[in-house]
S.K.: 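To start, I am sharing the structure in question, which I have written as structure tokens.
In what follows, chains carry the letters A, B, and so on, assigned in the order in which the sequence lines appear, proteins first and then strands, with residues in each chain numbered from 1.
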There are 2 protein chains.
Amino acid sequence: MMELTRKGEYAIRGIVYLAGKQTDKVCLLSDIAEAVNVPPTFLAKIFQQFSKIGLVKSYRGTGGGFMLGRPPEQITLLEVVEAVEGPILPNRCVAAPTDCERSCDCNVHPVWQRVQSEVRQVLGGVSLKDLAICK
Amino acid sequence: MMELTRKGEYAIRGIVYLAGKQTDKVCLLSDIAEAVNVPPTFLAKIFQQFSKIGLVKSYRGTGGGFMLGRPPEQITLLEVVEAVEGPILPNRCVAAPTDCERSCDCNVHPVWQRVQSEVRQVLGGVSLKDLAICK
DNA sequence: CCCTAAAAGGATATAAACAGTCTTTTTGGT
DNA sequence: ACCAAAAAGACTGTTTATATCCTTTTAGGG
């Protein structure tokens, strides 16, 4: 359980690749897709989502392509993952506690909150700079 | 992302309810289902899975029903969740590192391992006894 | 101004997973 | 033998995942 989807995997691969390039150079989507071995049409959708929230900047037309929207050390893995997979929510009740508070069953609630918090902390502590470094 | 399915929710509700009963008394599936507001046919499937791995003991025929397989303090939330949702695997690559090690992209790998480990630790630290207590 | 390169957006297709139901079989008690 | 209860398996409808394709918009270059 708790599995990242393909979309999430591709998203990470794509943007980490971008983070490994010079910050001032645009990359063609088709090049990125080929480099990280992801269907270009699918990656296009993903990068559109990135673009909307400013994780990447896009340029159309001849000479166009993508660049990181911010320096790689200022983009966390958490942002990338949540951009395409939605917020980290181990359980509905963490999002909507209304439905949950009644009945003593919900000793479970705080546990899911801890899970959420731990995961966010791990992912939030890693930047694209960390990930792009080639050992 | 990382959401528990209905099955997982129902599983927790059902077994936590059971943990709140005396350890030596069997409960009818139909009663449990009604008490925790879960479709009985669905809960049946879930308890079958529990039964197979010994989380609960089942008795057939007249006077039959379900009991916890072990004292509630010896069953963790992790076991319950993994019983019905499968192992905690934030990313395929955590399960099958073979496909992952090449290419410098996989600085991501250890991050998912940490996520997995943190989640397991939180869920593993909570027992049914903790959850069954009515405040 | 037109042609081409590139991303944006929308519609569609297929497959898998989820959520649940129904029926039949097995087992145990009376 | 009969009844009560869980086990097991087949089946169904809905939603999500995983794409692909096509048209539109934007930008640059000749």
Side-chain angles (χ1 to χ4, degrees), chain A residues 1-15 18 25-34 36-69 81 83-87 89 91-92, chain B residues 1-15 18 25-69 81 83-87 89-92:
Chain A
M1 74 162 305
M2 319 205 89
E3 258 185 65
L4 206 64
T5 63
R6 289 287 162 84
K7 193 172 169 188
E9 266 187 56
Y10 294 169
I12 296 169
R13 282 200 232 164
I15 202 167
L18 200 56
K25 253 183 66 184
V26 298
C27 286
L28 286 186
L29 183 79
S30 53
D31 290 349
I32 304 171
E34 195 185 9
V36 299
N37 196 32
V38 168
T41 55
F42 201 174
L43 195 65
K45 297 296 180 193
I46 293 166
F47 269 64
Q48 278 171 35
Q49 289 187 260
F50 284 160
S51 177
K52 273 185 195 158
I53 59 172
L55 280 189
V56 304
K57 276 184 269 192
S58 72
Y59 302 91
R60 304 214 246 189
T62 312
F66 293 92
M67 274 174 42
L68 279 193
V81 168
V84 296
E85 301 269 20
L89 284 176
N91 191 324
R92 278 169 265 277
Chain B
M1 72 163 303
M2 318 205 90
E3 259 185 63
L4 206 64
T5 64
R6 288 287 163 82
K7 194 171 170 188
E9 266 187 57
Y10 295 166
I12 295 170
R13 282 199 231 165
I15 203 167
L18 200 57
K25 254 182 66 185
V26 298
C27 285
L28 287 185
L29 183 79
S30 53
D31 291 348
I32 304 171
E34 196 185 10
V36 300
N37 195 34
V38 168
T41 54
F42 201 175
L43 194 64
K45 295 296 176 192
I46 293 166
F47 270 63
Q48 278 172 34
Q49 289 186 259
F50 284 158
S51 178
K52 273 184 196 157
I53 59 172
L55 280 189
V56 304
K57 275 184 271 193
S58 71
Y59 303 92
R60 306 213 246 192
T62 312
F66 294 92
M67 275 175 39
L68 279 193
V81 169
V84 296
E85 302 268 20
L89 283 177
N91 192 323
R92 277 168 265 277

S.K.: Give every pair of a protein N or O atom and an N or O atom of nucleotides 12-15 of chain C that lie under 3.5 Å apart, one pair per line with the distance.
M.R.:
none

S.K.: Could you report the tightest heavy-atom contact between B:I53 and B:A83, atom names first, then the distance?
M.R.: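 Result for this residue pair: CD1-CB, 3.5 Å.
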S.K.: Atom CG of B:L4 and atom C1' of C:dA17: how far apart are they, to the nearest Å?
M.R.: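 Checked: the CG to C1' distance equals 15 Å.
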S.K.: Considering only heavy atoms from C-beta outward, does the side chain of A:K57 approach that of A:L68 to under 4.5 Å?
M.R.: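 With C-beta onward as the side chain, the pair stays apart.
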S.K.: Just the rounded figure in Å: distance from P of D:dA19 to CZ of A:F42.
M.R.: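 So the two atoms are 6 Å apart, to the nearest Å.
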S.K.: Could you give me the CA-CA distance, side-chain angles and deciding distance for A:F66 and A:L28, then say whether side chain to side chain contact (heavy atoms under 4.5 Å, CB included) is met?
M.R.: CA-CA 6 Å; A:F66 293 92; A:L28 286 186; over 6 Å; no
S.K.: Quickly, which of A:V56, A:V36, A:L55 forms a side-chain contact (heavy atoms from CB on, under 4.5 Å) with A:L18? Name it, please.
M.R.: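 Result: among A:V56, A:V36, A:L55, A:V56 is the only option passing the side-chain contact (heavy atoms from CB on, under 4.5 Å) with A:L18.
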S.K.: Just jot down the side-chain hydrogen bond (donor to acceptor under 3.5 Å, both in side chains) partners of A:Q49, sequence neighbours excluded, or say none.
M.R.: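 A:Q49: side-chain hydrogen bond (donor to acceptor under 3.5 Å, both in side chains) contacts with A:K7.
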S.K.: Between the axis at one end of the helix from C:dC1-D:dG30 to C:dT30-D:dA1 and the axis at the other (five pairs apiece), what's the angle to 10 degrees?
M.R.: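 Rounded value for the end-axis angle: 0°.
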S.K.: How does protein contact run along nucleotides 5-17 of chain D, one letter per nucleotide 5' to 3', with B for base contact, S for sugar-phosphate only, - for none, heavy atoms under 4.0 Å?
M.R.: BBBBB--------
S.K.: In this structure, how many angstroms lie between the C1' atom of C:dA8 and the CD1 atom of A:I46, rounded?
M.R.: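 Between C1' of C:dA8 and CD1 of A:I46: 15 Å.
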S.K.: State, yes or no, whether a side-chain contact exists between A:Y10 and A:V84 at a heavy-atom distance under 4.5 Å.
M.R.: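 Result no, sub-4.5 Å side-chain heavy-atom pair not found.
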S.K.: In whole angstrom, what separates A:M67's CE from C:dA7's P?
M.R.: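 Roughly 14 Å, once rounded to whole Å.
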S.K.: Within the structure provided, determine whether A:S58 and A:S51 are in side-chain contact (heavy-atom separation under 4.5 Å).
M.R.: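 Sidechains of A:S51 and A:S58: in contact.
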S.K.: With the side chain counted from C-beta on, respond yes when B:I15 and B:I32 share a heavy-atom pair under 4.5 Å apart, and no when they do not.
M.R.: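 Side-chain contact under 4.5 Å: no.
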S.K.: A:Q49 CD to D:dT18 P: how many Å, rounded?
M.R.: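 It is 13 Å, rounded to the nearest whole Å.
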S.K.: Has A:E85 got a side-chain atom pairing as donor or acceptor with A:L4's backbone, closer than 3.5 angstrom?
M.R.: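 No.
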S.K.: Atom CD of A:E3 and atom P of C:dA17: how far apart are they, to the nearest Å?
M.R.: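 Spelled out: CD on A:E3 to P on C:dA17 is 10 Å.
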S.K.: Under the rule for side-chain hydrogen bond (donor to acceptor under 3.5 Å, both in side chains), what residues qualify as partners of A:K45, not counting sequence neighbours?
M.R.: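 Counting only residues at least two positions away or on another chain, A:K45 forms no side-chain hydrogen bond (donor to acceptor under 3.5 Å, both in side chains).
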S.K.: Please give, in whole Å, the distance from D:dA19 P to A:E9 CD?
M.R.: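 The distance from CD of A:E9 to P of D:dA19 comes to 10 Å, rounded to the nearest Å.
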S.K.: Under the rule for salt bridge (charged side-chain N to carboxylate O under 4.0 Å, His left out), what residues qualify as partners of A:E9, not counting sequence neighbours?
M.R.: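 A:E9 satisfies salt bridge (charged side-chain N to carboxylate O under 4.0 Å, His left out) with A:R13, B:R92 only.
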